[in-house]
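Written out below as structure tokens is the structure these notes cover.
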Amino acid sequence: MTKTPIITARDVDVFYGQKQALDKINLEIPENKVTSLIGPSGCGKTTFLRCINRMNDLVDICRVEGEIKIADQDIYAANVDVVALRSQVGMVFQKPNPFPKSIFDNVAYGPRIHGLTSSKAEMEELVEWSLIKAGLWEEVKDRLQETGTGLSGGQQQRLCIARAIAVKPRVVLMDEPCSALDPIATAIIEELIDELRKNFTIIIVTHSMQQAARVSQRTAFFHMGNLVESGPTKTIFTSPKDERTQNYITGRIG
Amino acid sequence: MTSTNTSFLKGQAHLTKRHRAETRFQMMGRFAIALSLAFLIFMVGSIFWQGKSALQTHQIALKLDLSAKNVDPADIRSARFDAIIKAALRETFPDATKRAEKRKLYGLVSTDAGFELRNQIEEDPSILGGTQIIWVSASDDVDIFSKGQIDRHVPESDRRLDDQQIGWIDNLAENGAIKSVFNTKFFTNGDSREPELAGILSALVGSALSLSVCFLLSFPIGILSAVYLEEFAPKNRWSDIIEININNLAAVPSIVFGLLGLSIFLSTFGLPRSSPLVGGMVLSLMTLPTIIIASRASLRAVPPSIREAALGMGASPVQATFHHVAPLALPGMFTGAIVGMARALGDTAPLLMIGMVAFIVDVPKSFLEPATALPVQIFLWADAPERAFLEKTSAAIIVLLLFLVLMNIAAIILRKKYELRF
Ligand SMILES: Nc1ncnc2c1ncn2[C@@H]1O[C@H](COP(=O)(O)OP(=O)(O)OP(=O)(O)O)[C@@H](O)[C@H]1O
Ligand SMILES: [Mg+2]
């Protein structure tokens with residue numbers, strides 16, 4: 001790796017109560033690249049993703065050990081402001097969760113609380129930009145005041161993506177963002193991911209090998225709480241070192 | 001082959017059994033609902049039946065001499081209106097000669113008749129200067145007799161009106177000098193020893209003042225406690241203890257809160273006895289647990305994904321709570337508050353303890369004046385010996401039920417208005 005990584009995870013252990021969900025994860029995530037996390041269901045991909053913006057703090061029984069650094073700052077240090085962290089590390093959840101407010105307010109919420117715009121026109125422009133980027137603008141431009149929960153599942157997910165990028169975070173975490181989308185919408189999102197990469201660092205969890213191969217430059221394979229293998233996507237898919245990786249990407253486990 | 005086909009369509013024995021069990025269960029459910037509805041209809045119906053007559057009252061027409069000799073147009077208030085009415089009664093029924101008979105005769109009209117006459121004259125002085133037919137309120141005995149609630153066939157000694165009085169009333173009725181009118185006094189007067197004058201306004205105002213104090217105290221305190229406990233407080237042994245205690249408080253009999261109010265608000269703080277302020281404070285002690293429990297339940301019902309969405313956007317916990325979670329929980333909070341307030345509106349025991357059981361004639365004008373409340377007024381009237389208070393009791397219950405229904409409708413409307421679907 002030539003550039004210094006923006007995110008480094010060292011010996012990260014995660015416990016849910018007594019149960020260990022992640023075991024000694026060491027992973028480096030380069031800036032302005034797409035990294036995909038793959039692995040069978042329940043292997044800890046979501047758990048790892050939620051460590052990066054400290055969403056796991058919300059789960060009472062969850063305990064995170066080890067060190068995660070973003071741009072050389074330990075995000076689990078005592079003096080870290082979680083609110084500032086999350087404004088820099090946006091997240092798109094596995095299940096679409098728009099606010100039960102209007103489509104416009106859904107997207108405008110983040111910029112509003114972080115004070116990113118100074119006028120109404122600027123806000124409208126930002127909302128439009130985000131919705132276009134998420135490939136939703138054409139479908140909703142005439143009904144921005146309708147409630148976001150009234151959209152279809154796939155539209156809701158794109159709304160959540162628009163909402164996440166509206167605050168222009170440095171890192172965007174995407175947990176299976178395309179699992180509810182049709183191939184056309186998926187193509188739009190993949191195009192978006194590819195474009196966002198210029199300005200943002202993206203980590204995406206996906207169950208689709210093709211998607212991982214298409215959008216990501218680096219891939220990490222998780223299995224039962226362990227990080228089995230990580231490296232350039234090409235290498236992982238063409239010549240995996242570990243047998244488990246080989247089996248998974250060829251469809252024999254998972 | 002054919003036999004298996006038909007049995008597949010017709011259903012086997014065990015299927016028939018399941019259907020029968022289902023029918024049986026549904027029948028039992030319908031029966032239970034029918035039974036409770038019947039009880040409800042019976043209760044409300046009988047109260048209405050007894051109370052509706054309180055909305056009517058009777059007036060008597062008297063031929064009054066309002067010439068300048070009796071009433072000086074320049075100084076109306078100096079006139080002796082009672083004497084004018086008595087003279088008119090004597091003139092109409094000259095057969096009352098003895099003192100006792102005269103007193104019975106004067107008892108046909110309300111003790112308030114003199115005031116009524118004065119008010120009518122002050123409103124329209126043009127009726128002065130001659131003989132006029134004026135309607136004044138009948139006494140409670142005449143009123144309930146005219147409503148058919150005194151049986152003239154029972155022995156004379158057992159009824160409140162003797163044969164002579166009944167003769168007078170019959171005579172008035174024959175001449176069209178008794179009429180039934182809408183009982184406005186019931187809604188514009190305070191309590192009175194005279195049933196025909198007693199009204200519910202002072203109790204109603206007392207209840208409204210107490211309830212507003214109760215709402216202003218318990219709603220903000222209740223929802224803020226609920227929000228803090230549910231969204232911010234660390235979950236540990238202490239929060240468990242607090243939760244258990246709040247649940248227990250909701251089950252404490254209300255009279256205990258009355259005693260608490262008596263010893264703290266009255267004895268220690270020295271707040272005015274019988275006042276709506278103290279009444280509202282005591283009622284809010286009682287409604288607080290209800291509001292906290294209902295609000296916590298509705299906060300818990302907000303999908304956690306909404307919280308995660310907001311926090312994931314970089315909202316602070318307070319922003320996530322007040323921008324997203326609390327608005328979604330608000331309908332449930334309102335419902336809880338209104339249910340609690342409805343309970344407070346109907347509760348008597350705690351108010352008895354702090355002295356809101358007083359005989360209040362004047363409509364309270366501030367939170368510190370002595371007042372009573374609707375349920376206490378019902379309690380007082382139910383206790384009164386006069387037959388005429390019976391219908392007042394039922395009528396007051398109708399008013400109370402009406403307000404409960406209104407509050408529940410308000411709860412439903414608020415819930416519908418703020419409810420959001422996912
Ligand atoms: N809130 C929680 N409480 C307890 N255990 C949890 C919790 N969340 C996740 N786990 C456990 O941690 C392990 C990893 O879960 P995680 O959600 O990270 O899997 P995943 O790789 O995202 O799976 P999927 O592909 O199905 O989304 C699982 O065994 C799961 O049971
Ligand atoms: Mg997952």
Side-chain angles (χ1 to χ4, degrees), chain A residues 46 49-50 52-61 81-102 105-116 147-151 156-157 159-160 162-175, chain B residues 223 226-244 295-335 414-422:
Chain A
T46 300
L49 208 61
R50 287 167 60 98
I52 301 174
N53 66 347
R54 289 186 58 171
M55 283 308 275
N56 278 335
D57 291 12
L58 304 181
V59 182
D60 282 328
I61 54 167
D81 185 348
V82 186
V83 169
L85 169 72
R86 290 184 190 142
S87 69
Q88 290 302 309
V89 185
M91 182 156 197
V92 178
F93 293 82
Q94 195 161 354
K95 274 181 238 137
N97 56 354
F99 300 126
K101 296 182 188 291
S102 73
D105 286 339
N106 259 284
V107 182
Y109 183 68
R112 204 172 280 151
I113 57 172
H114 296 302
L116 298 187
T147 151
T149 41
L151 297 171
Q156 289 187 14
Q157 190 62 297
L159 180 60
C160 292
R163 182 176 70 184
I165 59 177
V167 290
K168 312 219 167 139
R170 292 180 72 165
V171 180
V172 183
L173 310 172
M174 294 184 170
D175 198 348
Chain B
I223 63 171
V227 164
Y228 178 75
L229 286 172
E230 202 54 42
E231 302 290 324
F232 298 99
K235 304 275 176 289
N236 55 25
R237 205 150 50 90
W238 287 110
S239 57
D240 286 347
I241 291 175
I242 290 175
E243 167 146 29
I244 291 170
S295 304
R296 289 188 72 172
S298 61
L299 283 168
R300 223 171 291 155
V302 175
S305 63
I306 298 295
R307 247 170 238 120
E308 295 206 324
L311 294 171
M313 294 299 303
S316 66
V318 169
Q319 286 175 323
T321 300
F322 286 97
H323 293 164
H324 300 288
V325 180
L328 292 177
L330 207 57
M333 292 174 171
F334 273 131
T335 314
L414 280 174
R415 195 163 54 216
K416 281 267 161 336
K417 183 155 180 243
Y418 289 103
E419 205 167 46
L420 286 162
R421 265 168 269 276
F422 295 95

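Basis for what follows: all heavy atoms, side chains included, without hydrogens, waters or symmetry-related copies. Here the structure is a predicted model, which means the values were calculated and not measured.
The shortest heavy-atom contact between A:V83 and B:A315 is CG2-O, 4.2 Å. A pairwise comparison of heavy atoms in B:A309 and A:R163 identifies CB-NH2, 3.5 Å as the closest pair. Shown here for A:P98 and B:I306, the closest heavy-atom pair between the two residues is O-CD1, 3.7 Å.
The side-chain hydrogen bond (donor to acceptor under 3.5 Å, both in side chains) test applied to A:Q156 returns no partner, not counting sequence neighbours. Applying the ring-ring contact (aromatic ring centres under 6.0 Å, His included) test to A:F99 and every residue at least two apart in sequence or in another chain returns A:Y109, B:H324.
The most heavy-atom pairs under 4.5 Å with chain B, out of A:V89, A:L58, A:L85, A:V92, come from A:L58. Here A:R86 is the residue among A:M91, A:Q88, A:R86 with the most heavy-atom pairs under 4.5 Å with chain B.
Proximity to chain B is absent for every atom of A:V82, based on heavy atoms less than 4.5 angstrom apart. In this structure, chain B has a heavy atom under 4.5 Å from the side chain of A:R50, while its backbone stays farther away.
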message: Is there a side-chain contact (heavy atoms from CB on, under 4.5 Å) between A:D60 and B:K235? Walk through the geometry before answering.
response: CA-CA 9 Å; A:D60 282 328; B:K235 304 275 176 289; 4.1 Å; yes
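Separation of atoms CD (B:Q319) and CZ (A:R112) is listed at 12.0 Å; rounding is to 0.5 Å.
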